[in-house]
Enquirer: 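To start, I am sharing the structure in question, which I have written as structure tokens.
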Amino acid sequence: MKKSLGEKIADVLIYAVLIIILIVTLYPFYNSLVLSFNNGHDSNLGGVYFYPRMFTLENYRRAMDNNLMGGAMTVTVARTLIGAATSVLFTAAVAYGLSKQDLMFRRTYIVIGIITMYFSGGIIPFYFVLKYLGLLDTFMVFIIPSLLSFWNVILFMSFFRTIPAPLLESARIDGAHEVFIFARIVLPLSVPIIATIALMNGIGQWSSWFDSQFFTTNPHLKTLQLILYEIIALAAGQERLKQQLGITNDTASYTIESVRYATMMISIGPVILIYPFIQKYFAKGMLIGAVKG
Amino acid sequence: MSATSPAKLNPAKRSTFRQGLLRFRKEAFFQYMALTGGVFLLVFSYLPMFGIVMAFQDFDPAKGYIFSRFVGWYHFWMLFSDDAFWVSARNSVILSVAKFALTFVSPIILALLLNELRPSFFKKFVQTASYLPYFISWVVIASMATTFFSGGADGILNPLLVKFGMLKEAIPFLTYPGYYQVITVLLDVWKFTGFSAIIYIAAMAGIDHEVIEASIVDGTTRFQRVYKITLPMIQNTIVVILILGIGSMFTGGLGGSNFNYGYLLGNTLNMSASDVMDTYILRMGLQLGRFSFAAAAGLLLSTISLILVFLANWVAKKIDRDEQAIF
């Protein structure tokens with residue numbers, strides 16, 4: 001079919017808008033990457049947009065030299081792996097229990113769960129629960145409170161509904177133990193939803209700074225994101241200080257700003273590398289959620 | 001849960017209790033799983049709810065909930081007479097409404113644009129790239145925003161605007177309350193548009209192609225097809241997302257962008273726009289140690305969220321879409 005002139009103009013406009021969206025989405029990442037490889041003082045002069053004008057690896061060296069960086073990396077990786085694995089298993093188990101249609105008190109359990117989705121005691125009472133449980137300033141404060149969210153329980157329950165009941169029934173007739181059925185039949189069939197929730201929780205763990213900032217004081221429990229935030233705050237402060245003192249030329253090849261870019265790239269590197277492979281799971285999980293609505 | 005409180009004397013009740021016990025034993029595996037979840041929620045969701053009682057006390061952590069002095073609505077009156085509270089409440093409302101409106105519309109537009117393209121590498125690439133910001137942490141976004149809107153020569157927006165003569169001299173945008181509001185709303189659009197569009201793209205992919213082809217034969221224009229076919233066909237999806245959105249408009253809470261930008265990008269210069277209820281609560285509570293006062297503000301915030309959920313549910317029922325009501 002031949003396209004009219006109007007259609008062609010519309011096509012061009014659509015492509016143009018999408019290309020602009022693409023640039024706005026990706027350029028900030030690219031620019032940060034470029035700046036992370038550029039001499040910090042040179043960057044301050046401006047004009048570094050597409051490639052490093054004075055290439056250096058010093059920013060990364062400085063970022064890794066940060067006393068707290070090694071610890072922050074360990075804490076962040078540990079909470080991502082442990083947090084994602086434990087929360088997804090716990091959520092799956094709870095949801096599997098609730099997915100038994102004729103479970104005694106099923107409605108009560110679900111109402112108890114749904115209330116937590118829409119009402120919370122707020123951050124201050126929550127803080128005191130953590131305090132009285134002795135979780136403040138421990139690594140476990142990153143793991144335990146985020147073990148279960150009822151939203152995810154509902155996602156799991158709607159997935160479990162798609163597993164054909166006769167399959168489980170026949171295993172029961174063959175005398176399989178419930179634990180066996182759950183671990184060897186249900187979980188392997190639930191890989192898509194397990195992957196989705198594990199990845200969502202993993203990304204959440206990787207990105208978190210709030211609990212590290214407010215629930216811990218031990219510097220060894222700082223996360224990568226918190227370190228980055230502290231560098232941002234420091235850079236802003238130092239910039240003001242330099243202006244006040246009238247310092248214009250430094251001799252080092254890095255600035256706090258340029259170290260910030262390097263730290264930032266270290267923190268988003270893993271996410272950018274894995275997300276193209278995992279995004280199809282997210283898309284699926286999102287749709288499961290939408291079906292439930 | 002009533003399993004633990006049987007009526008002891010009534011024989012009939014007693015036998016139901018025994019039956020219940022038997023039934024419990026039969027489904028013990030499932031019961032224990034459900035119960036563990038219940039206990040978890042009891043500790044981490046319900047204990048904080050009971051903890052709200054501190055909003056009505058002069059809570060002293062050393063004395064605990066039982067021995068702290070009860071002061072009734074005192075902290076609420078203090079709260080209402082604090083100007084900073086009203087500023088933060090106003091900011092929360094302005095930012096939430098603006099973000100809600102824009103991040104509701106933007107994914108639909110992106111999905112419509114992508115839907116107009118034939119499957120191609122470009123289409124796939126744009127779609128994949130558009131999710132990326134969703135996976136990026138608040139701190140990194142704050143960091144990139146600092147650079148992008150910086151007033152220095154190393155910024156991105158300012159040198160561009162100056163070069164093309166749209167500005168006489170650079171403006172450090174993030175230090176102005178007005179610009180701060182616009183910027184954080186746009187950052188939300190940037191972060192969420194691609195990911196939220198997934199659902200609409202899937203809904204559009206589900207539209208029967210024959211309908212569209214028939215309409216092409218009938219000589220409809222592109223815009224007619226969008227307004228008369230595509231949008232009506234995904235209307236259900238739009239309504240679901242809208243209703244879910246109203247319900248969680250304020251519950252973004254600490255995971256939400258109001259708080260994150262308020263804390264990460266907030267400074268003394270833009271505070272009149274960046275201080276929101278969440279940052280106010282945290283400052284009063286965890287930083288200044290006015291626990292009861294902050295808990296009172298927190299209770300207000302939770303209550304507003306709850307009212308919005310009921311409102312959304314009421315709207316869902318009103319437009320007679322029972323399956324979309326939450327309860």
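Since the model is a prediction, treat every value here as computed from it, not as a measurement.
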Enquirer: Could you look at A/L147 and say if it's the side chain, the backbone, both or neither that has a heavy atom under 4.5 Å from chain B?
Expert: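 Both backbone and side chain.
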Enquirer: Examine whether an atom of A/V17 lies under 4.5 Å from a heavy atom of chain B, and if so say whether it belongs to the side chain, the backbone or both; otherwise answer neither.
Expert: side chain
Enquirer: Side chains of A/E178 and B/F30: does their closest heavy-atom pair fall under 4.5 Å?
Expert: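 Yes - at least one pair of side-chain heavy atoms lies under 4.5 Å apart.
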Enquirer: For chain B, which of A/A93, A/S43, A/A10, A/S267 has the most heavy-atom pairs under 4.5 Å?
Expert: A/A93
Enquirer: Could you check which of B/L132, B/L47, B/T36 has the highest count of heavy-atom pairs closer than 4.5 Å to chain A?
Expert: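 Highest number of pairs under 4.5 Å: B/L132.
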Enquirer: Working to the nearest 0.5 angstrom, can you tell me the gap between A/I124 CD1 and B/I281 CD1?
Expert: 7.5 Å
Enquirer: Rounded to the nearest 0.5 Å, what separation is found between the CG atom of A/L226 and the OG atom of B/S137?
Expert: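 So the CG of A/L226 and the OG of B/S137 are separated by 11.5 Å.
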Enquirer: Which atoms of B/F122 come close to chain A, meaning under 4.5 Å heavy atom to heavy atom: side chain ones, backbone ones, both, or neither?
Expert: side chain
Enquirer: Using a 4.5 Å cut-off on heavy atoms from C-beta on, say whether the side chain of B/L35 contacts that of A/F105.
Expert: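 No, too far: nothing below the 4.5 Å cut-off.
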Enquirer: What part of A/Y96 is in contact with chain B, defined as an atom under 4.5 angstrom from a non-hydrogen atom: side chain, backbone, both or neither?
Expert: both
Enquirer: Between A/L26 and chain B, with a heavy-atom cut-off of 4.5 Å, which part of the residue counts as in contact: side chain, backbone, both or neither?
Expert: side chain
Enquirer: With respect to chain A, which residue among B/L112, B/T146, B/V53, B/I156 yields the maximal number of heavy-atom pairs within a distance under 4.5 Å?
Expert: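 Ranked by heavy-atom pairs under 4.5 Å with chain A, first place is B/I156.
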Enquirer: State, yes or no, whether a side-chain contact exists between B/F44 and A/L135 at a heavy-atom distance under 4.5 Å.
Expert: yes
Enquirer: Heavy-atom cut-off 4.5 Å, strictly under: side chain, backbone, both or neither for A/I231 against chain B?
Expert: neither
Enquirer: In terms of heavy-atom pairs under 4.5 Å, which option from B/Q287, B/K26, B/M54, B/R23 contacts chain A the most?
Expert: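 Result: the option with the highest number of such pairs is B/R23.
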Enquirer: Is it true that a side-chain atom of A/Y275 and a backbone atom of B/I136 form a donor plus acceptor pair closer than 3.5 Å?
Expert: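 Here the side-chain-to-backbone pair does not exist.
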Enquirer: Would you say the ring centroid of A/F210 lies under 6.0 angstrom from that of B/Y263?
Expert: no
Enquirer: Among A/L103, A/V94, A/L22, which residue forms the greatest number of heavy-atom pairs with chain B at distances under 4.5 Å?
Expert: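 Highest number of pairs under 4.5 Å: A/L103.
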Enquirer: Go through the atoms of B/F40 and report whether side chain, backbone, both or neither lie under 4.5 Å from a heavy atom of chain A.
Expert: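 Side chain of B/F40 only, per the 4.5 Å heavy-atom cut-off to chain A.
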Enquirer: Shorter than 4.5 Å, heavy atoms on both sides: which option in A/L148, A/V153, A/I232, A/V129 has the most such pairs with chain B?
Expert: A/L148
Enquirer: Specify which of B/G51, B/G298, B/S143, B/G285 makes the most heavy-atom pairs with chain A at under 4.5 Å.
Expert: B/S143
Enquirer: Side chain, backbone, both or neither: which part of A/S120 has an atom under 4.5 Å from a heavy atom of chain B?
Expert: both
Enquirer: Do A/F150 and B/S45 have side chains that get closer than 4.5 Å, going by heavy atoms?
Expert: no
Enquirer: Looking at A/D11 and B/R222, is there a salt bridge between them, counting it only when a charged N and a carboxylate O are closer than 4.0 Å?
Expert: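 Looking at B/R222 and A/D11, the cut-off is met.
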Enquirer: To the nearest 0.5 angstrom, please state how far the CG atom of B/L264 sits from the CH2 atom of A/W209.
Expert: 4.5 Å
Enquirer: Under the criterion ring-ring contact (aromatic ring centres under 6.0 Å, His included), I'd like the reasoning laid out for A/Y27 against B/W190: C-alpha separation, chi angles, the key distance, then a yes or no.
Expert: CA-CA 12 Å; A/Y27 182 69; B/W190 186 79; over 10 Å; no
Enquirer: If we only count heavy atoms from C-beta on, is the A/I14 to B/L114 side-chain gap below 4.5 Å?
Expert: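 Side-chain contact under 4.5 Å: no.
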Enquirer: When rounded to the nearest 0.5 angstrom, what is the spacing between CE in B/M33 and CZ in A/F90?
Expert: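 Reported to 0.5 Å precision, the distance equals 10.0 Å.
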Enquirer: Could you measure the distance from the OG atom of B/S305 to the CZ atom of A/F119? Nearest 0.5 Å is fine.
Expert: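 Atom-to-atom, B/S305:OG and A/F119:CZ are 9.0 Å apart.
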Enquirer: Please find the pair of heavy atoms, one from A/Y49 and one from B/P159, that lie closest to each other, and give the distance.
Expert: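 Where A/Y49 meets B/P159 most closely, the heavy atoms are OH-CB, 3.2 Å.
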Enquirer: Assess whether ring-ring contact (aromatic ring centres under 6.0 Å, His included) is satisfied between B/F59 and A/F128, documenting all intermediate values.
Expert: CA-CA 11 Å; B/F59 182 70; A/F128 281 101; 4.9 Å; yes
Enquirer: Measure the spacing between CD1 of A/I114 and CG of B/L41 and express it to the nearest 0.5 Å.
Expert: 11.5 Å
Enquirer: Assess the residue pair B/V126 and A/I19 against the criterion (side-chain contact (heavy atoms from CB on, under 4.5 Å)); give the C-alpha distance rounded to whole Å, side-chain angles, the decisive distance to 0.1 Å, and a yes or no.
Expert: CA-CA 8 Å; B/V126 172; A/I19 286 170; over 6 Å; no
Enquirer: So what's closer than 4.5 Å to chain A heavy atoms on B/V43: side chain, backbone, both or neither?
Expert: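 For B/V43, backbone and side chain are both near chain A.
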Enquirer: Out of A/T91, A/I21, A/I268, return the one with the most heavy atom pairs under 4.5 angstrom to chain B.
Expert: A/I268
Enquirer: Do A/V271 and B/V140 have side chains that get closer than 4.5 Å, going by heavy atoms?
Expert: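 Counting from C-beta outward, A/V271 and B/V140 never come under 4.5 Å.
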Enquirer: Would you tell me whether A/R260 and B/T147 have side-chain atoms, one donor and one acceptor, within less than 3.5 Å of each other?
Expert: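 Their side chains do contain a donor-acceptor pair, which is all the 3.5 Å distance test asks for.
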Enquirer: Tell me which of these, A/I144, A/L98, A/I272, A/V48, has more heavy-atom pairs under 4.5 Å with chain B than the rest.
Expert: A/I144
Enquirer: Does B/Y32 OH have over 12 foreign heavy atoms under 6.0 Å away?
Expert: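 Incorrect, the count does not exceed 12.
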Enquirer: Quick one: do the A/Y109 and B/Q31 side chains pair a donor with an acceptor below 3.5 Å?
Expert: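 Side-chain D/A pair, A/Y109 to B/Q31: present.
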Enquirer: Measure distances from A/F29 to the heavy atoms of chain B and classify the residue's part below 4.5 Å as side chain, backbone, both or neither.
Expert: both
Enquirer: Under 3.5 Å, side chain of A/Y15 to main-chain N/O of B/L117, donor-acceptor pair present?
Expert: no
Enquirer: Write down the atom of A/I115, the atom of B/M49, and the distance for their closest heavy-atom approach.
Expert: CG2-CE, 4.2 Å
Enquirer: Less than 4.5 Å apart, side chain to side chain, heavy atoms only: is that true for A/I181 and B/F29?
Expert: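 Contact flag for A/I181/B/F29 side chains = no.
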Enquirer: Most heavy-atom pairs under 4.5 angstrom with chain B, which of A/P145, A/S32, A/G122?
Expert: A/P145
Enquirer: Heavy-atom pairs under 4.5 Å with chain A: which of B/F50, B/F291, B/F223 has the most?
Expert: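 Among the listed options, the one with the most contacts to chain A is B/F291.
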